[in-house]
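Single-structure report; data block below.
Positions are given from 1, in the same order as the sequence printed here. Just so it is clear, the model here is predicted, and its values are computed rather than measured.
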Amino acid sequence: MEKKTVIVCCASSMITSTMAVAKVKEIAAGCGAPEPRIIQCKFSEVQGNLASNQVDFIVPTGKLKGVETGDVPVIKGTAFVTGVGEDKAKAEIETQLKA
């Protein structure tokens, strides 16, 4: 498996994205995937990071309003904050990490 690059983002790039980063790392360790290269940023910085990096998927902890992600998969990281749909988000991340 190759090492993936993941954007994890929230409004301020601090609290909820830090929670989601920990989950992504935990999921990678649990499924035997290499720990991904994580770009932690604000929602407003996503497009710039997409333009300057080869990103495999995005985990936002809120809505990416007005952000064009092209064909890069987006997995709702809100689940790691609310607990709602967390198993589904974990499964989607694991699938992307193993792809």
Side-chain angles (χ1 to χ4, degrees):
M1 282 182 270
E2 68 180 56
K3 187 172 189 160
K4 304 293 182 176
T5 298
V6 182
I7 290 177
V8 179
C9 54
C10 70
S12 66
S13 182
M14 294 181 76
I15 299 168
T16 60
S17 62
T18 299
M19 292 169 63
V21 164
K23 287 290 189 177
V24 170
K25 289 180 178 181
E26 178 184 304
I27 293 163
C31 73
E35 185 173 300
R37 174 178 174 253
I38 295 179
I39 300 167
Q40 186 173 347
C41 66
K42 298 176 185 179
F43 294 143
S44 61
E45 299 168 335
V46 169
Q47 281 193 271
N49 279 305
L50 285 171
S52 59
N53 296 281
Q54 196 72 5
V55 176
D56 295 290
F57 62 98
I58 304 167
V59 181
T61 61
K63 293 187 179 190
L64 287 175
K65 294 179 184 174
V67 176
E68 179 56 48
T69 59
D71 60 353
V72 178
V74 177
I75 300 169
K76 295 180 181 179
T78 315
F80 303 128
V81 178
T82 65
V84 177
E86 190 169 349
D87 289 340
K88 181 181 181 210
K90 284 181 179 178
E92 290 176 7
I93 289 171
E94 186 173 327
T95 298
Q96 288 296 325
L97 290 171
K98 290 181 170 182

Hey, quick one: are [X] and [Y] part of the same hydrophobic cluster, counting side-chain heavy atoms closer than 4.5 Å, chains of contacts allowed?
| X | Y | result |
| --- | --- | --- |
| Ile38 | Ile58 | no |
| Val6 | Ile27 | yes |
| Val74 | Val59 | no |
| Val55 | Val8 | no |

Please find the pair of heavy atoms, one from [X] and one from [Y], that lie closest to each other, and give the distance.
| X | Y | value |
| --- | --- | --- |
| Ala28 | Pro34 | CB-O, 4.0 Å |
| Phe57 | Val72 | CA-CG1, 3.7 Å |
| Pro36 | Val24 | CG-CG1, 3.8 Å |
| Phe43 | Ala11 | CE1-N, 3.5 Å |

How long is the gap from CG on Asp56 to NZ on Lys3, to the nearest 0.5 Å?
->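 Nearest 0.5 Å value for the CG-NZ distance: 12.0 Å.
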Considering only Ile, Leu, Val, Met, Phe, Trp and Tyr, and joining two whenever side-chain heavy atoms are under 4.5 Å apart, list the other residues clustered with Met14.
->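 Grouped by the 4.5 Å side-chain rule, Ile15 form the rest of the cluster around Met14.
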Please name all residues satisfying side chain to side chain donor-acceptor pair (under 3.5 Å) with Ser13, sequence neighbours left out, ordered by chain then number.
->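 Ser13 satisfies side chain to side chain donor-acceptor pair (under 3.5 Å) with no residue once adjacent residues are dropped.
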List for me each residue that meets side chain to side chain donor-acceptor pair (under 3.5 Å) alongside Gln40, sequence neighbours excluded, and say none if there are none.
->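 Applying side chain to side chain donor-acceptor pair (under 3.5 Å) to Gln40 gives Ser17, Thr18.
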Let me know which of Leu50, Asn53, Val46 forms a side-chain contact (heavy atoms from CB on, under 4.5 Å) with Ile39.
->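 Of the listed options, the one satisfying the test is Asn53.
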Pairs meeting criterion side-chain hydrogen bond (donor to acceptor under 3.5 Å, both in side chains) with involvement of residues 64-90, two or more places apart |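 For residues 64-90, and leaving out neighbouring residues, the side-chain hydrogen bond (donor to acceptor under 3.5 Å, both in side chains) pairs sorted by first residue read Lys23-Glu86.
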Residue pairs passing the salt bridge (Lys or Arg N to Asp or Glu O under 4.0 Å) test where at least one lies in residues 37-52, sequence neighbours excluded |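 The answer is none; no pair qualifies.
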Using distance only, find each side-chain donor-acceptor pair of residues 91-99 under 3.5 Å and give its atom names and separation, not counting sequence neighbours.
{"unit_1": "Glu94", "atom_1": "OE2", "unit_2": "Lys98", "atom_2": "NZ", "d": "3.1"}
{"unit_1": "Thr95", "atom_1": "OG1", "unit_2": "Ala91", "atom_2": "O", "d": "3.0"}

